[in-house]
Amino acid sequence: MTESASSAAGDGSAARKIAVVGSGYMGGGIAQVLALGGARVALADVSAEIAQKNYDRLLVESDEFVAAGLFPEGSTAILKANLWAAKDIEEAVADADFIEEAVPEVLDIKHQTLARISAAARPDALIGSNTSTISIADLAEAVVGPERFLGVHFSNPSPFIPGVEIIPHAGTTPETVAASRELVHAAGKQTAVVKDVTGFVLNRLQYALFHEAAQLVEQGIATADDVDTLVRTTFGFRLPFFGPFAIADMAGLDVYNFCYKSLQTGFPERFATPKILSDLVEAGKLGTKTGAGFLNVPAERTPELIAYRNKAYVAMQKLLDELGPAPIN
């Protein structure tokens, strides 16, 4: 690992030096996250005036978040100590260990920005992009030293969503991936490493759900409000605690296999049984009830898992009751 990568991974000897290029809603939120995590963060934009304006906005937002109980007491003081507005991209990235690009989702704009970043940054600085849709390999074409480049995709609103997608392209080094994950973890976030394919993982899943939901509404099967209600109060209710594979393991993979066959009576191609599922069922690996499935939870831990599940769902309902309904209708 390079000296810069070691620093970005966090050895505790000095504050990480980070630059966020693009100070708008997403970039500003990412800068807040990293600065509150203890890094020294430069904020840059197309002009010093815009960077300064957004810096001021982030401090006002922080005060509002503290007053609402969303940020801990003292957060604004931490931001004032760790966050600063640079006059331009070159000043922001000059001494950074890690640079996060968060400019608009337009390939030409990102290419131009990444070219400026990689020309002005240290040759051993790591560079990430917050893109949610553009191929990381395509973006890497503008980067000098593309082995140090990858996707580091925060979700909106970044101060409050805990997950971050880490997306290396074929030429990204393992050291870059490891150092980038450590940097994100130091800011209190969780990471998942995925391949550089169209939509990555987050948006493939998100848009697959929306696509099916939109068809249900278009076909008059349910209203948008009813679809949202069912998602919120049934399988979506489980998702803060368990991903789709854990849920399938607990339900029983044989049950899932049967449900796919039922769905195929109306939608033979759209709901073709995934081979990975049918292979497990044929091997007798049916999830938690057999101690083997997608996640291989030992059968003796099933009572502990079920107890956690039930406690989690009751706690979630109490939280929702406390918050009240969302101000949508």
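Numbers for residues simply follow the sequence, beginning at 1.
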side-chain contact (heavy atoms from CB on, under 4.5 Å) between Asp226 and Val217, worked out: CA-CA 9 Å; Asp226 284 336; Val217 174; over 6 Å; no

CD1/Ile276: more than 12 non-hydrogen atoms of other groups inside 6.0 Å: no

Atom pair CZ/CD of Phe149 and Glu141 - distance to nearest 0.5 Å: 10.5 Å

Residue pairs involving residues 304-320 (criterion side chain to side chain donor-acceptor pair (under 3.5 Å); sequence neighbours excluded): Arg301-Glu304, Gln317-Asp321

Of all pairs that satisfy salt bridge (Lys or Arg N to Asp or Glu O under 4.0 Å), the ones with a partner from residues 272-295, not counting sequence neighbours: Asp254-Lys289, Lys275-Asp279

Check: Ala125 main-chain N/O paired with Arg148 side-chain donor or acceptor under 3.5 Å: yes

Intermediate values then yes/no, ring pair (Phe, Tyr, Trp, His ring centres under 6.0 Å), Tyr256 and Phe294: CA-CA 12 Å; Tyr256 265 50; Phe294 284 107; 8.5 Å; no

Side-chain donor or acceptor of Ser62 paired with backbone N/O of Leu58 under 3.5 Å: no

Val297 with Ile247, same ILVMFWY side-chain cluster at under 4.5 Å: yes

Under 3.5 Å, which donor-acceptor pairs do the side chains of residues 102-110 form with other protein atoms, sequence neighbours left out?
residue, atom, partner, partner atom, Å
Glu105, OE1, Thr131, OG1, 3.0
Glu105, OE1, Ser132, N, 3.3
Glu105, OE1, Thr133, N, 3.2
Glu105, OE1, Thr133, OG1, 2.6
Glu105, OE2, Lys110, NZ, 3.3
Glu105, OE2, Thr131, OG1, 3.1
Lys110, NZ, Glu101, OE1, 3.4
Lys110, NZ, Glu101, OE2, 2.4
Lys110, NZ, Val103, O, 3.0

Min side-chain heavy-atom separation Phe154-Met26 under 4.5 Å: yes

Parallel, tilted or perpendicular, as decided by the 30° and 60° cut-offs, for the rings of Phe71 and Phe160: tilted

Test side-chain contact (heavy atoms from CB on, under 4.5 Å) applied to Asp249 and Phe245, step by step: CA-CA 6 Å; Asp249 273 0; Phe245 293 111; 5.8 Å; no

With Ile127, the side chain to side chain contact (heavy atoms under 4.5 Å, CB included) member among Val21, Leu114, Val93: Leu114

Same apolar cluster: Leu295 and Leu239, side chain cutoff 4.5 Å: yes

Gln264, CD atom: more than 12 neighbouring heavy atoms under 6.0 Å: yes

Rounded distance [0.5 Å steps], CG in Leu126 versus CD in Glu100: 11.5 Å

Nearest non-hydrogen partners of Glu91 and Trp84, listed with the distance: OE1-CZ3, 3.8 Å

From CG (Leu183) to CG (Asp97), nearest 0.5 Å: 8.5 Å

Path from Val255 to Phe271 over hydrophobic side-chain contacts below 4.5 Å: no

Over all atoms of both residues, closest heavy-atom pair of Val41 and Ala31: CG1-CB, 4.0 Å

Phe242 six-ring face occupied by Arg238 cation (under 6.0 Å, within 45°): no

Any side-chain heavy-atom pair of Ile89 and Ile99 under 4.5 Å: no

Asp45 side chain near Lys53 side chain, heavy-atom distance below 4.5 Å: no

Asn82 side chain vs Leu79 backbone, donor-acceptor pair below 3.5 Å: no

Side-chain heavy-atom pair Val194, Ile166 within 4.5 angstrom cut-off: no

Residue of the set Ile134, Leu150, Asp196 for which side chain to side chain contact (heavy atoms under 4.5 Å, CB included) holds with Leu139: Ile134

Nearest heavy-atom neighbours spanning Pro168 and Val193: CD-CG1, 3.9 Å

Spacing of OG1 belonging to Thr76 relative to CD belonging to Gln32, to within rounding of 0.5 Å: 9.0 Å

Shortest non-hydrogen contact between Ala35 and Ile78, atoms and distance: O-CG2, 3.8 Å

Leu205 with Leu216, same ILVMFWY side-chain cluster at under 4.5 Å: no

Separation between CZ of Phe267 and CD of Glu212, rounded to the nearest 0.5 Å: 7.0 Å

Step-by-step side-chain contact (heavy atoms from CB on, under 4.5 Å) determination, Tyr55 to Ser23: CA-CA 8 Å; Tyr55 169 84; Ser23 63; over 6 Å; no

Salt bridge (charged side-chain N to carboxylate O under 4.0 Å, His left out) involving Glu64 - partner list, sequence neighbours excluded: none

Leu59-Ile50 co-clustered via ILVMFWY side chain contacts under 4.5 Å: no

Partner residues of Tyr25 under the ring-ring contact (aromatic ring centres under 6.0 Å, His included) criterion, sequence neighbours left out: none

Pair listing, side chain to side chain donor-acceptor pair (under 3.5 Å) test, anchored in residues 155-174, at least two apart: His153-Glu165, His169-Thr172, Thr173-Thr176

side-chain contact (heavy atoms from CB on, under 4.5 Å) evaluation trace for Leu277 with Tyr260: CA-CA 10 Å; Leu277 171 64; Tyr260 265 102; 3.7 Å; yes

Inter-residue atom distance Ile18.CD1 - Leu83.CG, 0.5 Å rounding: 11.0 Å

Check against salt bridge (Lys or Arg N to Asp or Glu O under 4.0 Å), Asp95 and Lys17: CA-CA 7 Å; Asp95 195 34; Lys17 295 178 181 178; 2.6 Å; yes

Nearest non-hydrogen partners of Ala142 and Ser118, listed with the distance: O-OG, 3.6 Å

Closest approach of Val281 to Leu253 (non-hydrogen atoms, all atoms of both residues): CG2-O, 3.5 Å

pair Ile30-Val152: side-chain heavy atoms closer than 4.5 Å: no

